[in-house]
Amino acid sequence: MSYEVANLTLAEATRLEPVLHYAICIDADNRPGNHVGDWPEEGKVYPVRLVTSKLEGMELVHVLGFRAEAPYYNAFAPHRFAVVAEVFLN
């Protein structure tokens, strides 16, 4: 599976990128009918990675540690989250 859509753990993501983001879920409504897997809870903060989707042409929010199947894997539209912290790893 490519890095873009991989269901990464926190440890795997921090080995690949020098930055870790945390985001709060601000919209958990309207779960797509074909989404199979974890779904965020509104008001909860998650460690995430921000990945520009080649297919969608926009930045998607991947919740680290979530597991989901195709077509979404663990990617969510940016309107569902607000980034609240950015940690640079040394």
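L10 and P47 get closest at one heavy-atom pair: CD1-CB, 4.0 Å. For the residue pair V63 and N74, the shortest heavy atom distance occurs at O-ND2, 3.0 Å. In terms of heavy-atom proximity, H79 sits nearest to D27 at CD2-OD2, 3.2 Å. For the pair P40 and Y46, the tightest heavy-atom approach, listed with the atom from each and the gap, is CA-OH, 3.5 Å. Here the closest non-hydrogen pair linking A68 and H35 is CB-CE1, 4.0 Å.
The distance from atom NE2 of H62 to atom CG of L50, rounded to the nearest 0.5 Å, is 9.0 Å. To the nearest 0.5 Å, atoms CZ (R67) and OG1 (T9) are separated by 7.0 Å. I24 contributes atom CD1, which lies 15.0 Å from atom CZ of R80 (distance to the nearest 0.5 angstrom).
Linking Ile, Leu, Val, Met, Phe, Trp and Tyr residues whenever their side-chain heavy atoms come within less than 4.5 Å places V83 and F66 in a single cluster. By the criterion of side-chain heavy atoms lying less than 4.5 angstrom apart, applied directly or through intervening Ile, Leu, Val, Met, Phe, Trp or Tyr residues, L64 is grouped together with V84 in one hydrophobic cluster. The cluster map of Ile, Leu, Val, Met, Phe, Trp and Tyr, joined by side-chain heavy atoms under 4.5 Å apart, puts V51 and V19 in different clusters.
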